[in-house]
Structure formats: C-alpha cells, structure tokens
Amino acid sequence: MASKTSITRAITQNRVWQSVFRQGYPNTEENRAKVIMNTLFFHIHPVKVKTHSLKISYTWGMGVISAFLFAVLVATGAWLMFFYAPSVERAYNDIQALETAVTFGMLLRNMHRWAAHLMVLTVFLHMCRVFFTGGHKHPREFNWVIGVVLWVLTILLSYTGYLLPWDQLAYWAITVGTNIVGVTPLIGEQLRLLFLGAKEVGPEALVRFYALHIWIFPGLMIILIGVHFWRIRKDGGLSSPIESAEVQQGETK
Ligand code: HEM
C-alpha cells in the first residue's frame, strides 16, 4: 500500500496541482510560508502572527466582523440599486414595491438595514477593544486616526441612507439633523446648504444624499479600510500585552 508521504508527493508533483499551487504541500515551515505569500486571499496576512492576536478574547473579532458587514452592505446595496431611483416621484413607491413585489425584496432591504445597524455597533465595540488593549498607542497612533475617520464614515453612511426611502420618518429625521448642522458656529448655514443643496429638504437633498451614500462615502471607506489593513501589517501586526507594558514603562521612566 502506498504511504501517506508518497501519495502527497504524487499529488504535489502533478502538473495540474503545480499549475494552481506554486509550492509544495504545506507540511514544512517553508511551504506553509509560501502558501500565505502566494495566495491572493491569504497574502493579506503576515507569514507569522503572534498567537495572542488570533484569540477571540483579545480582538473580540470586531474588526473582521465590521469588514464582513461592510462587504454585505456593498453587495446588498448594489443589488438594491436595481430597484430604486433617487427621485421624489419614485423613491417612496420603489421601496414599497421592493417590499411587496420584488422577489426576496424584503429580505434584501432588511439585510441592508440590519447590516448597517450592526456595523455601527461592531465598529464602536472594535474601537473600545482597541482602546482597552492599548492598541491606539505608539506606533499605531496613525492607524487610530484612520480608524476615527472610518467611524465617522460609518455614521455618515447610516445617516445618508436614512433619507433615501423618502417617507415621513426619513424626511423629518433629515430635517432635524440638518437643522442641528445649521447651528454650527460660523459655518452652520453653509454646511446645511452643502448637505441639502437648497433651503429645505427636497429633490436636491435626495440626489445629494444618494450620491454620497452610494459612491463617495463607500469609495472613501474602501480606500481607508485598505490603508487601515496595510498599517496593521506595517506596525508589526496587532498590539500585544507585552508591548503595552513596555510602552507604559517607557512613559513612567
Ligand atoms: C470600517 C471600520 C473598521 C474596520 C473594518 C476595521 C478593521 C480592523 C481589523 C480587521 C483589525 C485587526 C484586529 C481586529 O480585528 O481587532 C483592526 C485593528 C485596528 N483598528 Fe480597526 N477597523 C475599523 C474601524 C476602526 C476604528 C473606528 C478605530 C479607532 C478609532 C480603529 C482602530 C484600529 C487600530 C488602532 C487597530 C490596531 C489594533 C491593535 O494593534 O491592537 N479601527 N481594525
């Protein structure tokens, strides 16, 4: 009977296998490292990670869950665009039709809404975890700042999406919200005009909120999530309890 090693060797020396996987079977340190480096989906990870950073008790998994929810939002949002037009004549009816006449429309809309609600929660919890584990300290200050922008974008995406159904709830929420923006000292009225494109909530505001919601804010979010992940790699992976103790010692010296 052929041994396990000879079967493994036969598979990994096969031309089809070699055309897909450029390294041998991942049973040595070198091959395992190559799997990570040569695979499109894996190479976001460093070849070596500290064991504590894989523990759910350290990260709470909130960063990854936030990224997953954002992907769900992009996918369901793109699908929603097939059934929605940002015009005051159509918007409300389009949403009604989505709930009643489109196959799986209600599921689609609720997936988008729930993912948005959950993302606000998970990004907030992620921010708390980073703070409580000292992940915001040197050398990760810049990534913390990127994170703060991601948090603001998460809120702005929720806010701009709120107007789109063009129902009473949306209309008055946006009226109240933009009135609050309007009392910002010095630039309040200009800011309100910038958001609304007019003196009152109307068709101009709907088009502006739509453009911000489907294109500008998600585009910025994708770029900044890319920078965020790249910084994690460049800062030597996740913070660690030992590192935090060293930083604290440095502060008290
Ligand atoms: C769209 C929102 C966000 C996504 C998708 C995201 C994603 C991630 C992921 C996947 C990690 C790896 C560790 C982990 O899962 O906890 C991480 C780490 C980190 N995040 Fe975020 N994040 C977001 C928002 C934020 C916010 C709001 C902040 C802070 C204001 C922040 C600051 C950081 C920092 C400093 C690290 C490194 C932490 C460490 O080394 O311990 N992130 N982020």
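The residues of the chain are indexed from 1 along the displayed sequence. Ligands are counted one by one from 1 in listed order, and the atoms in each one are counted from 1 as well. These numbers were taken from a predicted model, which means no experiment stands behind them.
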J.: Going by heavy atoms in the side chains, are F104 and R109 under 4.5 Å from each other?
T.: no
J.: Which residue, N93, I174, V201, D94, forms the side-chain contact (heavy atoms from CB on, under 4.5 Å) with W166?
T.: V201
J.: Is it the side chain, the backbone, both or neither of M119 that has a heavy atom closer than 4.0 Å to ligand 1?
T.: side chain
J.: Can you tell me the protein heavy atom closest to atom 40 (O) of ligand 1 and the distance?
T.: S239 N, 2.7 Å
J.: Does any N or O in the side chain of N38 come within less than 3.5 Å of the main-chain N or O of R22, such that one atom is a donor and the other an acceptor?
T.: no
J.: Are the side chain of N143 and the backbone of H228 linked by a donor-acceptor contact shorter than 3.5 Å?
T.: yes
J.: Does any donor atom in the side chain of Y58 or S239 lie under 3.5 Å from an acceptor atom in the other side chain?
T.: yes
J.: Would you indicate whether the side-chain heavy atoms of V102 and L108 approach each other to under 4.5 Å?
T.: no
J.: Please write down residue, atom name and distance for the protein heavy atom closest to atom 5 (C) of ligand 1.
T.: A67 N, 3.5 Å
J.: For ligand 1, is there an atom lying under 4.0 Å from some heavy atom of F70?
T.: no
J.: So that I can tick it off, tell me whether E204 and R208 are bridged by a salt bridge, with the cut-off set at under 4.0 angstrom between side-chain N and carboxylate O.
T.: no
J.: Where on W60 is there a heavy atom closer than 4.0 Å to ligand 1, on the side chain, on the backbone, on both, or on neither?
T.: neither
J.: Under 4.0 Å from a heavy atom of V64: which atoms of ligand 1 are those, numbered in the order shown and with their elements?
T.: 10 (C), 15 (O)
J.: Check the side chains of T133 and R129 for a donor-acceptor pair under 3.5 angstrom, ignoring hydrogens and angles.
T.: yes
J.: Any heavy-atom pair between the side chains of K50 and L238 that's under 4.5 Å?
T.: no
J.: Can you list the ligand 1 atoms lying under 4.0 Å from a non-hydrogen atom of V148?
T.: 30 (C)
J.: Using a strict cut-off of 4.0 Å, indicate which atoms of ligand 1 neighbour a heavy atom of F229.
T.: 7 (C), 8 (C), 9 (C), 10 (C)
J.: Taking only heavy atoms of W151, which atoms of ligand 1 are found under 4.0 Å from at least one of them?
T.: 27 (C)
J.: Is a side-chain donor or acceptor of R192 paired with a backbone partner of K199 at a separation under 3.5 angstrom?
T.: yes
J.: Measure from the side-chain N and O atoms of T39 to the backbone N and O of F41, and report whether any donor-acceptor pair falls under 3.5 Å.
T.: no
J.: To which of R129, M221, M62, R140 does the heavy atom nearest atom 16 (O) of ligand 1 belong?
T.: R129
J.: Which of the numbered atoms in ligand 1 are below 4.0 angstrom from a heavy atom of L238?
T.: 12 (C), 13 (C), 39 (C), 40 (O)
J.: Listing by chain and number, which protein N, O or S atoms are under 2.8 Å from atom 21 (Fe) of ligand 1?
T.: H126 NE2, H228 NE2
J.: Determine, using heavy atoms of F131 and all atoms of ligand 1, whether some pair is separated by less than 4.0 Å.
T.: no
J.: Taking C-beta and beyond as the side chain, do F42 and V35 meet within less than 4.5 Å on heavy atoms?
T.: yes
